[in-house]
Amino acid sequence: MASRFNALKADAAWQAIWEERRTFAAKDDSPRPKSYVLEMFPYPSGKIHMGHVRNYTMGDVLARFRRMKGMEVLHPMGWDAFGMPAENAAMEKGVHPGAWTYQNIDTMRAQLKRIGFGLDWTRELATCDPEYYGQEQALFLDMVEAGLVYRKESAVNWDPVDMTVLANEQVIDGKGWRSGATVERRKLSQWFLKITDFADELLDGLGELKDWPDKVKLMQENWIGKSQGLQFRFTVSDGGAVEVFTTRPDTIFGASFVAIAADHPLALKLAEGNPEIAAFSERCRAGGTSAAEIETQEKLGYNTGLTATHPFDPEWSLPVYIANFVLMDYGVGAVFGVPAHDQRDLDFARKYDLPVKRVVSDGNTDAPEFAGDEAYTGPGKLVNSQFLDGMEIAEAKKAVINRAEGEGWGKGTTVWRLRDWGVSRQRYWGTPIPIIHCESCGPVPVPRDQLPVTLPEDVSFDVPGNPLDRHPTWKHVACPKCGKPARRETDTLDTFVDSSWYFVRFASQPSDAPFNKKVAEQWLPVKQYIGGVEHAILHLLYARFWTRALRHMGQLDIAEPFAGLFTQGMVTHETYKSAEGKWLSPQDIRDGVEIATGQPITTGRVEKMSKSKKNTVDPGPIVEQYGADAVRWFMLSDSPPERDLEWSEAGIEGAWRFVQRLWRLFDGLEPAEGEDKALTRKLHQTIAGVAQDIERLSFNKAVAKLYELVNAIEKAKPSAARGDAIRTLIRVVAPMAPHIAEEAWAKVGEDGLVADATWPEIDTAMLVEDEVTIAVQVNGKLRDTLLMAKGAAKDDVEAAALASEKIVRMLEGKPPRKVIVVPDRLVNVVA
RNA sequence: GCGGACGUGGCGAAAUUGGUAGACGCACGGGACUUAAAAUCCCUUGGCCGAAAGGCCGUGCGGGUUCGAGUCCCGCCGUCCGCACCA
């Protein structure tokens, strides 16, 4: 009688052995081909959640599989450990952010180990370790020296709740991404990284990323937002000039107004002497930036009374408006309006009764009068445009740019949506920016031998704002240049800086440098990076920028950090509400009623697990109940990895049952004689199929194939082939269910660890069936099937099909009009 | 508004280049074993008609291409995601 698989005992035993033998420690000097598998490192928020489990299980299966295929695999883990939750905890619980963070790391590390991930813990790092952020400070200073960092007084997004500056990317619909508070504009001196210097490279580089999802590449492309056009000058009636940018210089003869932003220097100047303009500008600034507001917001303009002279006609003057739809921080903050061929301009022109002149033919009419409220933005030839008449749009664009450049009033330009990366944060729990401000010398880099600039431990969080700024002594230092009293920079770096190079530090972590070039280049780029799609823009763009900056500085000869990217779906769960409409957790209910009150509950939509909806399932107790392999198996089953996975009790039960089924096979293995060609064939097909599925990260398909194989083995009669299939199965399931695989490996008397075993060889002859089922169709509808030898001659197959009783009956004695034979597949008889 | 993805049984899903739709899992139902339960095993399960053999219908909807369409093309509908007054 077969015993039960004791998962808890086996999990602990094998995890201890892997740890003791350092099974998963990657060797830099290994002669094997190298493969770097990385999942996005977690923020140590307290406990791991199901999303982590799914993410790391996927990476682990791939990493373990590649090891078995003979590669030296780097599969490290660390902690994205700086950030605001630690400060929030400090404020709420009075615990130091560092203590809180390291405590969480200890908890989560133990949890990850409990699931048996094959991780190289010898390379573990936390971004809040001075050994890490000190090297980051060194890299920051390198960037300062390379001219990639600058300081700028600028209007910033100020989050009044978190009391910090946010990057544009961290402002969502005008609200702070974390606090949700409405963001204000403030002027502060900030440090910026010149990511825009790399805009072109970052855009072009996307083309090389064959193993990235198109969706992510497109999102980055849109974010970088390259626009080519003409920047040119209008002479204004006050004697000055206004620069505008347009992507449609071809439509220049359709212009009917010039519009400038409320924050445009000219508008500010006009507002000084004119309260009406000042009031209007104020109204523009107050306008919301949320999607809904923009859609409903009316186009508003204020006619300044000034006019601009058309560059091609000194007699032609255009009114200059201040308009609420023109943004100061895009292009040059001013546009020329061509209502006939731009919807926004048309809305504006209709409202203020400005001329609307057609300059691109829509193919139906060339008349200058433009009717209707829908701008024509399609292709066509230029009309009513003097020397441009008859040209195609692209041709006309070039012609106008040539004239502008030749006559010196404009220039072909590229404008980017991407802005430089503001990295200053007025927070404590982050990497201190290694700069000292001196009244005489200005900002001075901290000398290298004084790195790391460490955070002071004795800080308080009883009031909002930056504790570094309030600290009695920390910021007071002597200027490294002149020795006079000076002040430390009290801002810290955006935590996205920390995650922009951790993958390099994993590959190489000397104590005296950020990394060793040669060693890091052996591992990089990351072959497969796995994480959530929520990082499609911010983290992935910053990391790409950082890598290119390192290359620019000659520190690392790698262009792209992540050769392959996979964005996995979320783990979801049903939601429940009590009779009073409060969220209930799955533990609060049983059989459709709330346990505490006996009241019936309502079941809501399946949503991403979140604390606020109380639909989370803590992996901890689940692993203790079912064992690590069952949890891993469930994470890989059913849903394709890029889609959401719904957690369910039935699902984990099913996974657990499968683990027990495996064990009955392994445990019941007994010697037997004889062949079983069909089973051996199934085995080899499964080995090949699972390997392919794992490489493609199609884990759900690999799981299905393994179920099929197990079904086949269970049904097969005892034979040597069956015994062989069971022994081989141990290795095939090992990447996914490593604990039971080790247990079985030892039980059947194999040497060493299955983790060190090689992936089973495939007998390619076994992949090919020697008999095939051929579908027989009449007019494309299945009527019969034939079992024939593989590779049977076309004529034989056709003859067999036409001889089929059913086909004969269907044809009623008439000859077929046509017969199509697809070898080894089907016969279609056209009646 | 712009861009993208998706739509297949009661559910999660498979279906390599157009070639037997629904593999595999979950759930449901029936049965075996058991004093009973759990566990395990076996059978059934897209819909309709039929005792059965068999037939008809079926991949969001409407067209089209093809010997043959879940897959390709055109037009709709719906869901989800990203961006958004970007000149």
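Proteins come first, then strands; the chains are lettered A, B, ... in the order of their sequence lines, and each starts at number 1. Nothing here was measured: the structure is a model prediction, and the numbers come from that model.
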Of the candidates B:A13, B:C24, B:C83, the side chain of A:Ser639 sits closest to B:A13
Just to confirm, is there a sub-4.0 Å distance from OP1 or OP2 of B:G18 to any side-chain nitrogen or oxygen of A:Arg825?
no
Can you confirm whether the side chains of A:Thr575 and A:Asn615 place a donor and an acceptor under 3.5 Å from each other?
no
Quickly work out the A:Glu708 CD to B:A15 P distance and round it to whole Å.
12 Å
Would you say A:Ser227 and A:Tyr330 are linked by a side-chain donor-acceptor pair, where the criterion is simply a distance under 3.5 Å?
yes
Between B:G55 and A:Arg783, is there an OP1 or OP2 to side-chain N/O distance shorter than 4.0 Å?
yes
Side-chain donor-acceptor contact under 3.5 Å, A:Glu374 with A:Tyr376
no
For atom CD of A:Gln685 and atom P of B:A23, their distance in whole Å:
18 Å
Atom pairs, N/O to N/O, protein against nucleotides 4-10 of chain B, distance under 3.5 Å?
none

Could you tell me if the side chain of A:Phe232 sits less than 4.5 Å from the side chain of A:Phe336, heavy atoms only?
yes
Among the nucleotides B:C24, B:C85, B:U20, which one has an atom lying closest to any side-chain atom of A:Lys299?
B:C85
Within the structure provided, determine whether A:Arg544 and A:Tyr542 are in side-chain contact (heavy-atom separation under 4.5 Å).
no
Whether A:Arg417 contacts B:A84 is assessed here as follows: a side-chain N or O lying under 4.0 Å from the phosphate OP1 or OP2. Is that the case?
yes
What integer distance in Å separates A:Asp342:CG from B:G1:P?
16 Å
Shorter than 3.5 Å, N or O on both sides, protein versus nucleotides 25-28 of chain B: list them out with atom names.
residue : atom : partner  : partner atom : Å
B:G25   : OP1  : A:Asn711 : ND2          : 3.4
B:C26   : OP1  : A:Arg657 : NH2          : 3.1

Protein N or O to nucleotides 65-76 of chain B N or O, pairs below 3.5 Å:
residue : atom : partner  : partner atom : Å
B:C67   : O2'  : A:Asn828 : ND2          : 3.1
B:C67   : O2   : A:Asn828 : ND2          : 2.6

Starting at atom CG of A:Leu782, determine the distance to atom P of B:U20, rounded to an integer number of angstrom.
9 Å
Flag if over 12 foreign heavy atoms under 6.0 Å of NZ, A:Lys217:
yes
By the side-chain hydrogen bond (donor to acceptor under 3.5 Å, both in side chains) test, which pairs, at least two apart or in different chains, include something from residues 639-651 of chain A?
A:Tyr626-A:Glu649
Atom CZ of A:Arg825 with >12 non-hydrogen neighbours under 6.0 angstrom:
no
Does A:Arg417 make a cation-pi contact with A:Trp223 (under 6.0 Å, within 45 degrees of the axis)?
yes
Considering only heavy side-chain atoms of A:Met219, the closest of B:G82, B:A87, B:U20 is B:G82
Pairs in or reaching into residues 685-714 of chain A: which pass salt bridge (Lys or Arg N to Asp or Glu O under 4.0 Å), with residues at least two apart or in two chains?
A:Arg66-A:Glu695, A:Arg661-A:Glu714, A:Lys682-A:Glu708, A:Asp693-A:Lys705
Tell me the interatomic distance from A:Lys682, atom NZ, to B:C24, atom C1', rounded to whole angstroms.
10 Å
For B:G63, measure the glycosidic angle (O4'-C1'-N9-C4 for a purine, O4'-C1'-N1-C2 for a pyrimidine) and name it syn if it falls within 90° of 0, otherwise anti.
anti
Closer than 3.5 angstrom, by distance alone: can the side chain of A:Gln660 be matched with the main-chain N or O of A:Phe5 as a donor-acceptor pair?
yes
Nearest-nucleotide 5' precedence on RNA chain B, A:Pro640 against A:Thr773:
A:Pro640
In whole angstroms, how far is the P atom of B:G12 from the CD atom of A:Glu574?
12 Å
So does A:Asp667 pair up with A:Arg664, basic N to acidic O under 4.0 Å?
no
With sequence neighbours left out, the residues meeting side chain to side chain contact (heavy atoms under 4.5 Å, CB included) with A:Lys351 are A:Glu298, A:Leu300
Can you check whether A:Asn700 has a side-chain N or O nearer than 4.0 Å to OP1 or OP2 of B:A14?
yes
A:Lys781 vs B:C57: side-chain N/O to OP1/OP2 distance below 4.0 Å:
yes
From CD of A:Glu374 across to P of B:G1 the rounded distance in Å is 11 Å
If I take atom NZ in residue A:Lys705 and atom C1' in nucleotide B:A13, what distance separates them, rounded to the nearest angstrom?
13 Å
Taking pairing as Watson-Crick or G-U wobble with both contacts under 3.5 Å, can you name the mate of B:C80, or confirm there isn't one?
B:G4
Mind checking who B:A53 pairs with, Watson-Crick or G-U wobble, both distances under 3.5 Å?
none
